A.B. asks: 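This structure is in structure tokens; I'll ask about it shortly.
Each chain gets a letter, A, B and so on, in the order the sequences are listed, and its residues count up from 1. Please read all numbers here as calculations on a predicted model, not as lab measurements.
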Amino acid sequence: MNYKETINLPLTEFPMRANLNQKEPEFLKEWEEKGIYKKQREMSQGRPKYVLHDGPPYANGRIHIGHSINKILKDIVVKSRQMSGFDAPYVPGWDCHGLPIELQVDKDLGAKKQGMSKVDIRKHCREYAGKFIDIQRDEFKRLGILGDWDNPYLTMDYAYEAATARELGKFFEKGSVYKGRKPVHWCSSCQTALAEAEVEYNEKTSPSIYVKFSGQWPVVSGRLKDLIGERQFAFVIWTTTPWTIPANMAIAVHPDYEYSIIEVSDHRPTATGHSLLILATELVPSCMEKWGISDYKTLGKIKGEELKGIVCKHPFIERNSVVVTGIHVTLDAGTGCVHTAPGHGEDDYRIGLEYGLEIYTPVDKAGKFTSDVPFFAGEYVFKANKSVIEKLSEVGALIKEESIQHSYPHCWRCKGPIIFRATEQWFISMERNDLRKKAIDAISTEIRWIPHWGKDRILGMITNRPDWCISRQRTWGVPITVFYCKGCGEIFSEKRAFDHVVSLFEKGGADVWYEKDVKELLPPDVKCKKCDASEFEKEMDILDVWFDSGVSHAAVLEKRNDLQSPADLYLEGSDQHRGWFHSSLLASMGTRDRAPYKAVLTHGFVVDGEGKKMSKSAGNVVAPQEVIKKYGAEVLRLWVAAEDYRDDIRISENILVQLSEAYKKIRNTFRYLLSNLYDFDPSKDMLQYKDMLEIDRWALQRLHNLTTRIEKSYDDFEFHAIYHSAHAFCVNDLSSFYLDILKDRLYTAKKDSVERRSAQTALYHILDSLLRLLAPIFSFTCEEAWRQMPKVEGREESIHLALFPKPKEEWKSGDLLEGWEKIRSVREEALKVLEIARKEKMIGNSLEAEVTLYAPEELYKFLKGYEEQLKYIFIVSGVILYSEDRGKPVEVTVARAQGQKCERCWNYEVSVGINSSHPTVCNRCVQAVS
RNA sequence: GGGCCUGUAGCUCAGUUGGCUAGAGCACACGACUGAUAAUCGUGAGGUCGGUAGUUCGAGCCUACCCAGGCCCA
């Protein structure tokens, strides 16, 4: 008799090798054809909603690894919330406006751009964005992300553009928007503002001058007065842009640095006649040497903080220049006293705002001094350098002039040097309507930050940020839809005008602003409030794209029936504390007095195996497309789940190899479970819990534990804990223990015996639960295995339509864990001793062994209850149990098993040979085959 | 330079309010099996917990400084 045919060996069509890169697209196709996402929505009608609102990626370029982690994390969140009983829709979005696309289109168009209208250029930008949306959409879908890919939201949708204008209108209505001045990079030959991305830094030779700003004397009070009495004094500043001297408003010192009052013999007659110079102590020796002054002494020293408020005179203009403090002051170069022209520099501007200085820019768009400026009116600034230096020299304020080579910003287009020039810009005030305060309150009290330190991070940013500059001098965006009176220049920004424009945008998009005449853009019968004129012109600035995406709660969450506002979660990289979380919060607080989200989750950035950031130049960039090709999207998903996303996220070949090994282990576990269920019909063969063997009930209790732990981890967004506990479960509980023990029973017991059905019942529950629990991560593999599960009435056609498992209370109440923990530790002891026997060539297969246990009384009593099972648990042919305390928790010895090897079950048994019709098998097998 | 964050075996992660010889899985080495087989099982060897100094009876955990790295600013 061929006994091999009488045993129940595993059988399955679920392949061991995944072949992911080939098979994944087939699943994607099926999900799409079957409309799985739509079916999710239908079946979830009436369930509580869980809205994760997608932060729109920029519609430019192919996706990189950072996109992948972001979208996969979102997908895991959405799928897990869906499976835990929510209606969790996912509506992806794209950020479409903005400079990078405009620049790219500009480049692509080249000379053709000459003579093209703004509308034409905008059409090209729209096409360009559309092209990359299609590319990215395919790449995102390839990752296994389920969502409403046919109806995403685009910030360039007409309705979205209309909503953007509408939200802007609300800010105007509340009086939060004002027009102010701010320095921007300015090319005087192109006569245009430049963004940081359009600025190139090249070497340039500039004048380098040291200039005295004489103090108003006598000093009225303070430490300086104590030190110098009523003597004349001067601060010495250094600059490489003499032409900005006419716009000087202040002198900045560092509050913490020490400054010296230097007395020099006044060998150069000056207009101010003073001989006390003030500069940073640390720079005194080098400056004196440079200025050729050897004869000097220090009269006193004073901290920068104590100089604050001292008033100086402009060297040649009737104006004061006040001493202020700023931490941007450095000792790298110069004198530690910084010439401050708020209209011509970023730091200067900031200081200007802080101290309420005038943002003074007496330079026109061609880079020429305005008529405002005495002596130099009409001169081109770079040429005026010379005149300014001469003037300074003439008034005796110039200490030293030389030239310097340094890196200086240039225009990328015309290559000429650029200037900082304050221009009119639109701002949303952080103070009006208490925007800052409200935002801070919401951050601290209403919103959950994951990880918790996200709160401190964004709090610091909101607390310290300046007013929001929302205007850009650009083409590809949503225009700031206000008007100016032609008569008096008064701004016209009434609600009815906004409403009118919004309704036009809804039909034709923001392009109408450029296509239509002012008259058509305004509601009828509009008159200037100030001068009663009825002729207007339109603003040509567009909105900052952060405003676009910042209003997505209004344009998307509030508008779509499948979504709702506020969102339950925003989930992006930690750079978005300054970006989208920030702008969305301000946009919503400013118009609705509430945050657009209840919780914010951030993830870190992808870095290489050494923890270094990825860059083309470092050559350590990992492309998701390559990973998918080599390992499959599933392994990429596993990578996202396995790493702790709160920190930087490392990726390397090593890590991917390791994860694909882990993937194989889990896949094989699924496969093995399936292969032992080939003849199991749950509707007929499933046993009641009470009828199951104890070890099978133990397995269900472990499963119950695992289920609880994993569901909690999903709840807490602790995905890496899910991977680790699931993997550990497969390896420790299942593969090396439970399944290993079960083989004997599954293979050799009668097909429909209670013993075998009991095991299969447990396996069925385990597989069913594992697939459901892991589907949000292993979206492809769990689906693949789901289809191989024994057929059951009412099973969902896709696992993505199923819910998380519902473990039965009785599984947990079995209270078997502690006892089986004891058994496992005794087993471990036995395995160690068996290994020694194996080394000594006493045995090979553990079934060749018989084990003897010497256990102290208490343990002995416990083990006695399992005496018959122990040999199967240890996978040996016999276990002999003695009550004997040998000074150890348990002592184990090994001997060759007695009896003959049973041909059928491979156990060694003294009963082999007894039965004459089955002389080569043991008693147990005789029962099984007869 | 500033704000926020991170640093535990080769890799991915645990490590509760400071309390025994710091854990797991993988990888690795050696071995077993050939009824999960491009699988499976066993045993073993891996760590001055980034560094230094301090607080404490006691520090991976607390404090200071330093080093390395990340994001955001300047």
Side-chain angles (χ1 to χ4, degrees), chain A residues 3-4 7-12 14 16-17 254 326-332 346-347 350 451-461 463-465 573-579 582 602-614 638-639 641-644 646-650 652-662 664-665 667-676 718 720-721 723-732 734-737 739-744 746-748 827-828 830-839 841 843-848 875 904-906:
Chain A
Y3 289 105
K4 187 153 179 164
I7 62 175
N8 316 296
L9 288 178
L11 187 68
T12 179
F14 187 86
M16 179 136 69
R17 302 204 53 189
H254 196 290
I327 49 163
H328 66 288
V329 175
T330 68
L331 299 175
D332 298 344
E346 278 196 323
D347 288 328
R350 218 180 320 279
H452 62 88
W453 47 258
K455 182 201 273 192
D456 290 332
R457 188 169 153 88
I458 194 167
L459 214 46
M461 291 171 178
T463 307
N464 294 315
R465 68 157 297 148
S574 59
D575 55 335
Q576 299 303 328
H577 284 119
R578 163 115 357 222
H582 195 115
T602 53
H603 59 256
F605 274 64
V606 183
V607 293
D608 71 10
E610 267 72 57
K612 300 271 170 64
K613 76 152 133 199
M614 290 188 174
L638 175 57
W639 166 68
E643 302 258 337
D644 186 348
R646 290 165 290 208
D647 202 349
D648 302 330
I649 307 136
R650 295 189 180 208
S652 66
E653 203 58 33
N654 180 16
I655 291 170
L656 289 169
V657 167
Q658 186 198 320
L659 287 169
S660 60
E661 290 300 318
K664 281 183 202 162
K665 181 74 195 186
R667 182 181 177 86
N668 262 327
T669 305
F670 292 169
R671 179 171 184 266
Y672 189 67
L673 292 170
L674 278 172
S675 68
N676 284 293
E718 302 259 353
H720 64 287
Y723 157 69
H724 279 282
S725 45
H727 188 247
F729 180 76
C730 288
V731 172
N732 299 330
L734 295 184
S735 196
S736 75
F737 182 70
L739 296 180
D740 210 23
I741 292 166
L742 230 48
K743 285 171 190 167
D744 177 81
L746 284 166
Y747 301 168
T748 68
R827 183 179 191 257
E828 262 173 56
L831 289 175
K832 284 193 177 98
V833 179
L834 284 167
E835 186 61 22
I836 294 168
R838 199 172 279 128
K839 280 250 149 67
K841 308 280 182 208
I843 58 165
N845 189 322
S846 57
L847 285 174
E848 292 161 28
I875 317 184
R904 184 167 176 276
C905 73
W906 295 353

A.B. asks: On the side chain of Arg457(A), is there an atom forming a donor-acceptor pair with the base of C71(B) - under 3.5 Å, no angle test?
C.D. replies: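 Between C71(B) and Arg457(A), which were checked side chain against base, a qualifying N/O pair under 3.5 Å is present.
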
A.B. asks: Sugar-phosphate atoms are those with a prime plus P, OP1 and OP2; base atoms are the rest. Using that split, label each nucleotide of nucleotides 10-17 of chain B B, S or - for protein heavy atoms under 4.0 Å, 5' to 3'.
C.D. replies: -BBSS---

A.B. asks: Phosphate oxygens OP1/OP2 of C41(B): is one of them under 4.0 Å from a side-chain N or O of Ser735(A)?
C.D. replies: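 Indeed, a polar side-chain atom of Ser735(A) lies that close.
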
A.B. asks: Within the structure shown, what part of the strands sits under 4.0 Å from Lys743(A) by heavy-atom distance: base, sugar-phosphate, or nothing?
C.D. replies: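 Since a base atom lies under 4.0 Å of Lys743(A), the category is base.
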
A.B. asks: State whether Lys4(A) places a side-chain N or O below 4.0 Å from either non-bridging phosphate oxygen (OP1 or OP2) of G35(B).
C.D. replies: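 It does, given that an N or O in the side chain of Lys4(A) lies less than 4.0 Å from OP1 or OP2 of G35(B).
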
A.B. asks: Is the base of A36(B) touched by the side chain of Arg671(A) through a donor-acceptor pair closer than 3.5 angstrom?
C.D. replies: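 Per atom types, no contact qualifies.
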
A.B. asks: Given the P atoms of C62(B) and U6(B), what is the spacing between them in whole Å?
C.D. replies: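 Rounded to whole Å, the distance is 10 Å.
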
A.B. asks: For C61(B) and U8(B), measure between their P atoms and round to the nearest Å.
C.D. replies: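 The same atom, P, in both gives a distance of 13 Å.
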
A.B. asks: Considering every strand and a 4.0 Å limit on heavy-atom distances, what is the contact class for Leu9(A): base, sugar-phosphate, or nothing?
C.D. replies: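 Base: the residue Leu9(A), judged by heavy atoms under 4.0 Å, touches a nucleobase.
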
A.B. asks: Measuring from atom CZ of Arg650(A) to atom NZ of Lys612(A), what distance do you get when rounded to the nearest 0.5 angstrom?
C.D. replies: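 Separation between the atoms: 9.5 Å.
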
A.B. asks: When all nucleic acid strands are considered with a 4.0 Å heavy-atom cut-off, which category describes Asn464(A): base, sugar-phosphate, or nothing?
C.D. replies: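 Since no nucleic acid heavy atom lies under 4.0 Å of Asn464(A), the category is nothing.
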
A.B. asks: Which part of the nucleic acid, if any, lies within reach of Gly460(A) when heavy atoms closer than 4.0 Å are counted: base, sugar-phosphate only, or nothing?
C.D. replies: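 Counting heavy atoms under 4.0 Å across all strands, no contact is made by Gly460(A).
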
A.B. asks: G46(B) and C20(B): how far apart are their P atoms, nearest whole angstrom?
C.D. replies: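 Going atom to atom, P in each nucleotide, I get 22 Å.
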
A.B. asks: Provide the distance between the two P atoms, one in U48(B) and one in G60(B), to the nearest whole Å.
C.D. replies: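 The same atom, P, in both gives a distance of 13 Å.
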
A.B. asks: Indicate, with a heavy-atom threshold strictly under 4.0 Å, whether Ser675(A) touches base, sugar-phosphate, or nothing.
C.D. replies: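 It contacts nothing in the nucleic acid.
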
A.B. asks: So, under a plain 3.5 Å distance rule, would you say the side chain of Thr12(A) forms a donor-acceptor pair with the base of A36(B)?
C.D. replies: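 When only heavy-atom distances are counted, Thr12(A) does not reach the base of A36(B) through any donor-acceptor pair under 3.5 Å.
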
A.B. asks: Under 4.0 Å, counting only non-hydrogen atoms across every strand here, what does Gly611(A) touch: a base, just sugar-phosphate, or nothing?
C.D. replies: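 Sugar-phosphate: the residue Gly611(A), judged by heavy atoms under 4.0 Å, touches backbone atoms but no base.
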
A.B. asks: Does Ser574(A) put a side-chain nitrogen or oxygen below 4.0 Å from OP1 or OP2 of G70(B)?
C.D. replies: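 Looking at the OP1 and OP2 atoms of G70(B), neither is under 4.0 Å from any side-chain N or O of Ser574(A).
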
A.B. asks: Tell me whether the side-chain N/O atoms of Tyr747(A) come closer than 4.0 Å to OP1 or OP2 in A36(B).
C.D. replies: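 Tyr747(A) to A36(B) OP1/OP2: side-chain N or O found under 4.0 Å.
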
A.B. asks: Have a look at Asp740(A) and say if it touches a base, only the backbone sugar-phosphate, or nothing, with a 4.0 Å heavy-atom cut-off.
C.D. replies: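 Here Asp740(A) touches the backbone only, sparing every base.
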
A.B. asks: Please work out whether the ring planes of His720(A) and His724(A) are parallel, tilted or perpendicular, with thresholds of 30° and 60°.
C.D. replies: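 Answer is perpendicular, since the angle exceeds 60°.
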
A.B. asks: Between A32(B) and Lys839(A), is there an OP1 or OP2 to side-chain N/O distance shorter than 4.0 Å?
C.D. replies: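 No.
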
A.B. asks: How long is the gap from OH on Tyr672(A) to OG1 on Thr12(A), to the nearest 0.5 Å?
C.D. replies: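 With rounding to 0.5 Å, OH (Tyr672(A)) is 12.5 Å from OG1 (Thr12(A)).
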
A.B. asks: Under a 4.5 Å cut-off applied to non-hydrogen side-chain atoms, are Asn668(A) and Lys665(A) in contact?
C.D. replies: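 Side chain of Asn668(A) against side chain of Lys665(A), heavy atoms only: no contact under 4.5 Å found.
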
A.B. asks: State whether the side chain of Arg578(A) and the backbone N or O of Met461(A) hold a donor-acceptor pair below 3.5 Å, judged by distance alone.
C.D. replies: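 Side chain of Arg578(A) to backbone of Met461(A), a donor-acceptor pair under 3.5 Å: no, none is there.
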
A.B. asks: For A36(B), take OP1 and OP2 only and decide whether either is under 4.0 Å from a side-chain N or O of Asn676(A).
C.D. replies: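 No, no such contact exists.
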
A.B. asks: Could you measure between the two C1' atoms, the one in A45(B) and the one in A9(B), and give it in whole Å?
C.D. replies: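 The answer is 11 Å between these two C1' atoms.
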
